[in-house]
Amino acid sequence: MYFTDRGIEELASRRGDDEVTIDWLAEQLRAFVDLNPEFEIPIERLATWLARLDDDED
């Protein structure tokens, strides 16, 4: 188990029944980066990865 799994597990247990839009998620990621600019690159990578999930891999 990775350290980040704890946060992911907390997210699933606390918010697992919530329905959110991609716009809402994007706004929360922007707010997080505004408060924590040192995480700009990992958040950018996560957002890009999520955006491209359905892309065909070459």
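Given the structure is predicted, the values throughout are model-derived calculations rather than measurements. Every heavy atom of this structure was used, including side-chain atoms; hydrogens, water molecules and symmetry mates were not.
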> Which ILVMFWY residues can you reach from L11 by hopping between side chains whose heavy atoms are under 4.5 Å apart?
Replying inline: none
> Counting heavy atoms not belonging to I41, are there more than 12 under 6.0 Å from its CD1?
Replying inline: no
>> Taking CD in E44 as the centre, count heavy atoms belonging to other residues, nucleotides or ligands within less than 6.0 Å. Is the count above 12?
In response: yes
> Linking Ile, Leu, Val, Met, Phe, Trp and Tyr by side-chain heavy atoms under 4.5 Å, what else ends up with I43?
Replying inline: V20, W24, L25, L29, F32, V33, F39, L46, W49, L50, L53
> When rounded to the nearest 0.5 angstrom, what distance separates CG in D23 from CD in Q28?
Replying inline: 11.5 Å
>> Regarding R30 and E27, does a basic nitrogen lie under 4.0 Å from an acidic carboxylate oxygen?
In response: yes
> More than 12 heavy atoms of other residues, nucleotides or ligands under 6.0 Å from CG of D17: is that the case?
Replying inline: no
